[in-house]
Structure formats: structure tokens, C-alpha cells
> 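Next up is a structure, given as C-alpha cells.
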Amino acid sequence: PADQEKIDEVIEKSIPEGAEYKIVKASDIPNDRDFREAWEYASGVDINLEKAKEVQRNRWRQARQPLLQELDIKFLIASEQENVGEINIIKEKKQILRDVTLTDLSSVNSLEELKEIWPECLLDS
């Protein structure tokens, strides 16, 4: 909203009474919204890299969910068929998917680097 009356109306409807808030100019907001959940406000809007890493891990969790579900079905079928070899392969694949969030991101120093990291086991998603 451009005029103060509309701004006050939005504030009244959107912000709980007594809560702190800041009004920022659109030019102060990052153009890159890929890691919006990691935005923080100090003297301006900045992106917290550690929070962005967790956002990326959450994306991996979402991507692996259907893969795990598919493997669960395959596991049940292999179990019914008493196919021990297939059961072991599936167990290994599931563990790799579970461990994806343990990927070391400590050497990542920028959002550009972080965006480039997508674990190989999730490439099918």
C-alpha cells in the first residue's frame, strides 16, 4: 500500500497487538526468494546462511519422501516373497535416503553454492 491509511489498516489486520514489526522498502528485500524462510532483519533484510542450509535440508526431506514410500512398497513385496537379497538392497537404499540430511554443508559459504547441492540419491525426484 502506498498511503499511510492503508498501511495502518494492513498492520492492524496482520500483526498481533504488542508485536514488534518493521516496515521495509521493497528495494531492501532480496531479489532471490529461494531461501525466504532464512530471511532475518537487523539493519536490513539479510539471509542467514545457516538457516538457508536447514531450508535446503528440508527440501531434501520433501524430495526423499515419495522415494521412501516407493521403497516401502518394494520392501513389503520382497518380504512377502522372502527375497532376502532384494530386502537388503532396499534397506541400503532407504538408509542412504535417511542419511541425506547428514550431508556436510560446513564448507558452503554462499547461497549460490548451496543451490548447487542436490544429493545424487534424490535426482530421481
Side-chain angles (χ1 to χ4, degrees):
D3 65 65
Q4 189 61 44
E5 189 173 306
K6 287 185 180 180
I7 292 172
D8 291 341
E9 184 179 316
V10 169
I11 290 169
E12 187 176 320
K13 287 182 180 179
S14 306
I15 300 172
E17 191 174 328
E20 285 189 40
Y21 65 91
K22 300 267 187 210
I23 298 174
V24 296
K25 296 181 279 185
S27 61
D28 293 336
I29 297 174
N31 290 329
D32 185 344
R33 295 180 184 248
D34 285 342
F35 294 98
R36 189 166 189 259
E37 298 92 344
W39 288 4
E40 291 182 341
Y41 184 85
S43 58
V45 178
D46 294 309
I47 300 174
N48 179 315
L49 186 58
E50 292 308 310
K51 286 184 179 179
K53 290 175 183 180
E54 191 56 32
V55 168
Q56 188 73 331
R57 285 186 184 100
N58 285 335
R59 290 179 181 154
W60 297 344
R61 287 179 181 102
Q62 288 178 326
R64 78 176 173 194
Q65 192 59 36
L67 301 174
L68 284 169
Q69 289 172 344
E70 183 180 323
L71 287 171
D72 284 343
I73 293 168
K74 289 179 179 181
F75 184 85
L76 287 173
I77 292 169
S79 294
E80 289 173 353
Q81 296 172 347
E82 298 179 2
N83 186 340
V84 176
E86 185 68 14
I87 289 171
N88 288 332
I89 290 169
I90 294 167
K91 286 167 69 174
E92 288 177 24
K93 288 179 180 180
K94 288 175 70 170
Q95 191 59 53
I96 290 168
L97 289 169
R98 285 188 201 103
D99 291 343
V100 75
T101 56
L102 302 176
T103 301
D104 183 14
L105 298 176
S106 62
S107 64
V108 175
N109 295 312
S110 71
L111 292 177
E112 290 73 28
E113 287 178 62
L114 185 58
K115 288 179 191 179
E116 294 297 318
I117 299 172
W118 195 260
E120 191 174 323
C121 65
L122 298 176
L123 289 178
D124 293 335
S125 61

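Below, all heavy atoms of this structure are taken into account, side chains as well, without hydrogens, waters or symmetry copies. All residue numbers in this chain count up from 1 along the given sequence.
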> Any idea which heavy atoms bring R61 and E54 closest together, and the distance?
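Heavy atoms only, the tightest pair is NH1-OE2, 3.0 Å.
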
> Output, in order, the C-alpha distance, side-chain angles, deciding distance and verdict of salt bridge (charged side-chain N to carboxylate O under 4.0 Å, His left out) for K6 and E9.
CA-CA 5 Å; K6 287 185 180 180; E9 184 179 316; over 6 Å; no

> Work out which heavy atom in I87 is nearest to a heavy atom in A78; give both atom names and the distance.
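Nearest pair, atom of I87 first, then A78: CG1-CB, 3.7 Å.
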
> Which pair of non-hydrogen atoms, one from L105 and one from K53, has the smallest distance, and what is that distance?
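Taking L105 first and K53 second, the nearest heavy atoms are O-NZ, 2.9 Å.
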
> Carefully, step by step, assess K91 and F75 under the rule side chain to side chain contact (heavy atoms under 4.5 Å, CB included).
CA-CA 8 Å; K91 286 167 69 174; F75 184 85; 3.8 Å; yes

> Is there a path of hydrophobic side-chain contacts, each under 4.5 Å between heavy atoms of I, L, V, M, F, W or Y residues, that connects V84 with I90?
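No, it is not one cluster - the side chains of V84 and I90 are not joined through contacts under 4.5 Å.
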
> Verify whether one side chain among D8 and Q4 offers a donor that lies under 3.5 Å from an acceptor in the other.
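The criterion, which ignores hydrogens and geometry beyond distance, is satisfied for Q4 and D8.
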
> Calculate, to the nearest 0.5 Å, the distance between atoms CG and CD belonging to D72 and Q69 respectively.
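Separation between the atoms: 7.5 Å.
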
> Supply the atom-to-atom distance L97 CG to C121 SG, rounded to the nearest 0.5 angstrom.
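Nearest 0.5 Å value for the CG-SG distance: 5.0 Å.
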
> Assigning hydrophobic clusters by single linkage (Ile, Leu, Val, Met, Phe, Trp, Tyr; side-chain heavy-atom cutoff under 4.5 Å), is I89 placed with L68?
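Unlinked, I89 and L68 end up in two clusters.
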
> Given Q95 and D99, is the side chain to side chain donor-acceptor pair (under 3.5 Å) satisfied, shown in steps?
CA-CA 6 Å; Q95 191 59 53; D99 291 343; 2.9 Å; yes

> Determine the minimum heavy-atom distance between L114 and V108, stating which atoms define it.
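Looking at all heavy atoms of both residues, the shortest contact is N-CG1, 3.7 Å.
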
> Go through the steps to decide whether K25 and D28 satisfy the test side chain to side chain contact (heavy atoms under 4.5 Å, CB included), and finish with yes or no.
CA-CA 5 Å; K25 296 181 279 185; D28 293 336; 3.6 Å; yes

> Say whether, by atom type as modelled, one donor and one acceptor occur between the side chain of S14 and the main chain of I11 under 3.5 angstrom.
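It does not hold such a pair.
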
> What is the minimum heavy-atom distance between W60 and L122, and which atoms define it?
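Taking every non-hydrogen atom into account, CB-CD1, 3.6 Å.
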
> Below 4.5 Å, heavy atoms only, C-beta onward: do Y41 and D46 meet side chain to side chain?
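No; the side chains remain at least 4.5 Å from each other.
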
> Is there a continuous path of hydrophobic side-chain contacts, each under 4.5 Å between heavy atoms, that joins I29 to V55?
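Yes, same cluster.
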
> Other members of the hydrophobic cluster containing I77, with the 4.5 Å side-chain heavy-atom rule, please.
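Traced through the cluster, I77 reaches I73.
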
> How long is the span from the CZ atom in F35 to the NZ atom in K115, to the nearest 0.5 Å?
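Separation between the atoms: 6.5 Å.
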
> Is the NZ atom of K93 crowded by more than 12 outside heavy atoms at less than 6.0 Å?
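No, NZ of K93 has 12 or fewer neighbouring heavy atoms, counting only those of other groups under 6.0 Å.
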
> Do other residues, nucleotides or ligands put more than 12 heavy atoms under 6.0 Å from the CD atom of E116?
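Count not over threshold, so no.
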
> Which value, rounded to the nearest 0.5 Å, describes the distance between L111 atom CG and I47 atom CD1?
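The CG atom of L111 sits 4.5 Å away from the CD1 atom of I47.
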
> Look up atom CD in Q56 and atom CH2 in W118, then write down how far apart they are to the nearest 0.5 Å.
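Q56 atom CD to W118 atom CH2 measures 6.0 Å (nearest 0.5 Å).
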
> Can you tell if the side chain of W39 reaches within under 4.5 Å of the side chain of R33, non-hydrogen atoms only?
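A side-chain contact exists here, since the closest heavy-atom pair is under 4.5 Å.
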
> Do L123 and L71 share a hydrophobic cluster, counting only Ile, Leu, Val, Met, Phe, Trp and Tyr and linking them when any side-chain heavy atoms are less than 4.5 Å apart?
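In one cluster: yes.
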
> Grab the two heavy atoms, one from T103 and one from R57, that are nearest each other, plus how far apart they are.
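That would be O-NH2, 3.6 Å.
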
> Drop me the distance from R36's CZ to K51's NZ, to the nearest 0.5 angstrom.
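Taking CZ in R36 and NZ in K51, the distance rounds to 13.5 Å.
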
> When you check the side-chain N and O atoms of N109 and E113, is any donor under 3.5 Å from an acceptor?
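Result is no, nothing qualifies.
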
> Does atom CD of E40 have more than 12 heavy-atom neighbours from other groups under 6.0 Å away?
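Check passes, neighbour count above 12.
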
